[in-house]
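Just so it is clear, the structure is predicted and the values come from calculations on it, not from any experiment.
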Amino acid sequence: MQKRNLEDNALNEQELKDMLVEGLNPIQKEAVLHKNGPLLILAGAGSGKTRVITHRISYLVKCCGIWPSEILAITFTNKAANEMKERVEKMLGFSSRGIWIGTFHSMMLRILRQHAERIGFETNFTILDIDDQQRLLKEILAELKIDDDLLNVRTVQNKISSAKNRMLSCEDLANDAEYDNLRKQVAEVYRNYQLALKRGNSMDFDDILVNAVKLLQNNQDVLDAYQTRFKHILVDEYQDTNHVQYLIVKLLSAKHKNICVVGDDDQSIYSFRGANIENIFNFEKDFKRSKVIKLEQNYRSTKTILGAANAVIKQNDGRTDKRLWTEEVTGDPISFYLADNQYEEARYVASEIKRLTERRTDSILAGDIGILYRVNALSRNLEFALREQGIKYNIYGGLRFYDRKEIRDFLAYMRVIFSDTDELAIIRIINVPKRGIGDLTVERLRNIAGREGIPLMQVLVNADQFPELSRATNSIREFVGIIAELRQMMLDNNLSFPEFAREIQERSGLLQDLVEQKDDGSEQALNRIENLKEILSDSIEYTERIKYEIEQFKLLDENLDQAEVPELAQDAQDIYDEDLSLTTLTGGFLEQTALFSDLDQSEAENTVRLMAIHSAKGLEFDAVFIVGMEESVFPGYRSFNSPHEMEEERRLAYVGITRAKRYLHLTATQSRLLYGQTKYNIVSRFLSEIPDQYIVEIGGSRHSNLSHDSGVRVFGGKNGPSSIPDQRKYSSSGPGSKSKILGSFGLRNKPETNLKQKNQLDISSIKTGQSLNHNKFGTGIVERIDFVASDAILTMNFSGQIKRMMASSAPLEKID
DNA sequence: GAGGAAGCCATTTTT
DNA sequence: TGGCTTCCTC
């Protein structure tokens, strides 16, 4: 296959070229055909960037004499990587096999495995999942006797992660923290945490990148090899890369300087986890003699939707200069519905969906509809209403498959069987299902291991030698027996991998335990059993995929002149040589599940999709509903005191709006019950940023008492192709005009809307300098009051410790 | 060691 | 509100 491509190449380059850019606009073509040197593609929403990337890769291979193995393409998610792989494969056929397409993490992991010893790890180092990470941190916090109120697990975890994202070591943090006690403690935890990881020959997710940078920086020969190999590097979603990722790109591209990044600063929505929007702004400075191409034609949305999106994002400062436009029709106006409460909002959405999917002409498939929200907590009412209407839906986000307890437990068993030095996994499952090995015993086990300087498993195996374990020896023996038996099974290599997985579920007792719970009437248990079955099908899929890949490599290998492409041959060899034993498969599967946490669900089904706006990035829907368009929900209250965060919220709004192709529905409520409290928020500022011409309010006079009965007001129904009947035609002065509702809601932005709390803290009476009592932090002084929406953010000083809290919800009381 | 009651605290998420 | 942790009791 490789040879044939070369012949193609020689035969008719021009023809090939034409074929590769067919159907692309001139600017897209330019991006595809760019030859050498750094290239920044500023790709607006819906501008066809994925197409450009895949075509570009094909062009490099087919017309520029670049070997697939000389290309590194990095995407944001595994899903995106798979899609890209598929598309490139379609265009290139076999020859795409050698391309490195994947996320930063998977690509760097691949590199790290090859050279682990260079940075002091064994090749089979393990990767900690978030659970392990938290457990470990918790232990360390307890060991260091750090007060939980001062520094909780989540906070340190974030701080350590963000330090790693910026390539800061614990020493860096410590040096930085001379006068800051809290930071000193974080540095201390960080230090112990790294030591523990090292001891366990393991890394966390961030370490994969950090260690890759260290490897490349400190080993010239390794760096040389990869720099030479990767003649072209492409990075998608560049606006969401962090500093470490930037360093990786910088290092790897330094030799050939063929670095092509694609991104859109307006869609940068991950700064909360370290993404650095400056990376995209600085590209031209960072990569000398770079070329910038702007994809500004949008192929997705109507003029109306795009106009609204542009108007909203325009409110942000410091954007790269670009103007998204479209040749699409004007389309229907965006609708806005203000509901009384969240139930009514949900019912409105459900009935609108029914209408869209059931109308006689131009109906829309449920699968082409998305319901988006700022926070996952908003999905509950929607679910209820959809079920009520018999609309099929799928919820994305929230608890992911691989984060579920039963899946983690199962994988922990697998980990222990695979490597009995995986102590975190041992501790996770030693008493799951319950077999009488409680916290005290676990504590003793660890003490013994520490005292004797032997691995935990060793202690378990020799439990009867330690009198303090006597009460638990039988249970321990049982546990050790299960592991040993399964381990032997793996080494015997008589089962297929899925069969083996099944044995683990059964012999561990996990399945049995759940079956018993189910028999007691637990619905959750039933669900968990389903999930365990689901992971068995994953194991089948995994096995088949590996077999297929090996086939492919064999084929490729036969056609390959080793001297010509040594790296590709090496890749082929690596997999070719694998014995495909149960042990190998187990290791591979574990690695994949550690990294590929979203093997996405059945997407083919025709269902409405519900998700947080973050998860919708990269997707598109014919009709989009964005619910919860209220101040303090969206934008979230946390962004009120930070212009930066507010801009990110706005970008999020922009992402949400631009997901819609034809119909966009925005909804808000007058009163919302969220987190057990009813709030009266005003309508989101993002709504008022959309010019009147693009939007129309449904319902109109909201305040008549009659509006309680039906709840939902839907006009039109099935009589006509347009979803917007005449009554709703927008005019700036009509009863349903947006200026009216926004005006009337401006009035609501008054203290009267405050919901009084139990302790009757009257926001309007608080003054700076006043002392208030907090039920946790004690007496504090109000240093500052920032009024936001119908609430206020108080900056409180509790004897030197500064805290910010919402006046309405913080447990504060006046002092008499 | 296990199970129940009470208390606590709430973005966004991929790897 | 509700999911999760911690504390308390048997």
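- Under 4.0 angstrom from either OP1 or OP2 of B:dT11 there lies no side-chain N or O belonging to A:Asn376.
- Residue A:Gln133 is classed as having no contact, given no heavy-atom separation below 4.0 Å to the nucleic acid.
- Within the 4.0 angstrom heavy-atom criterion, no nucleotide atom of any strand lies near A:Gln245.
- Here A:Asp240 lies out of heavy-atom contact (under 4.0 Å) with every strand.
- Between A:Asn242 and B:dT15 there is no side-chain polar atom (N or O) within less than 4.0 angstrom of OP1 or OP2.
- Nearest nucleotide to the A:Tyr270 side chain, out of B:dT13, B:dG1, B:dT11: B:dT13.
- B:dT13 and C:dC4 have their P atoms separated by 16 Å, with the value rounded to a whole Å.
- A salt bridge links A:Arg428 with A:Asp131; the closest basic N to acidic carboxylate O contact falls under 4.0 Å.
- Looking at heavy-atom distances under 4.0 Å, A:Ile130 makes contact with a base.
- The phosphate of B:dG1 has OP1 or OP2 within less than 4.0 Å of a side-chain N or O from A:Thr441.
- For A:Glu345 (side chain) and A:Val627 (main-chain N/O), no donor-acceptor pair under 3.5 Å exists by modelled atom type.
- Nucleic acid contact class of A:Asp204 (heavy atoms, under 4.0 Å, all strands): none.
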Restricting to nitrogen or oxygen on both sides, can you table the protein-nucleotides 2-8 of chain C pairs closer than 3.5 Å?
from: C:dG3; atom 1: OP1; to: A:Arg380; atom 2: NH2; distance (Å): 2.8

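- Each of A:Ile437 and A:Met611 lies near DNA chain B, and the nucleotide nearest A:Ile437 is the one positioned closer to the 5' end.
- Residue contacts shown for A:Gly436 are limited to sugar-phosphate atoms, with no base heavy atom under 4.0 Å away.
- Contact annotation: side chain of A:Arg273 to base of B:dT12, donor-acceptor pair absent below 3.5 Å.
- At the heavy-atom level, A:Phe104 lies nowhere under 4.0 Å from the strands shown.
- Nucleic acid contact for A:Gly676: base, since at least one base atom lies under 4.0 Å from a heavy atom of the residue.
- Between A:Arg638 and A:Asn431, it is A:Asn431 whose nearest contact on DNA chain B lies nearer the 5' terminus.
- Look at A:Tyr675 and you won't find any side-chain N or O under 4.0 angstrom from OP1 or OP2 of B:dC8.
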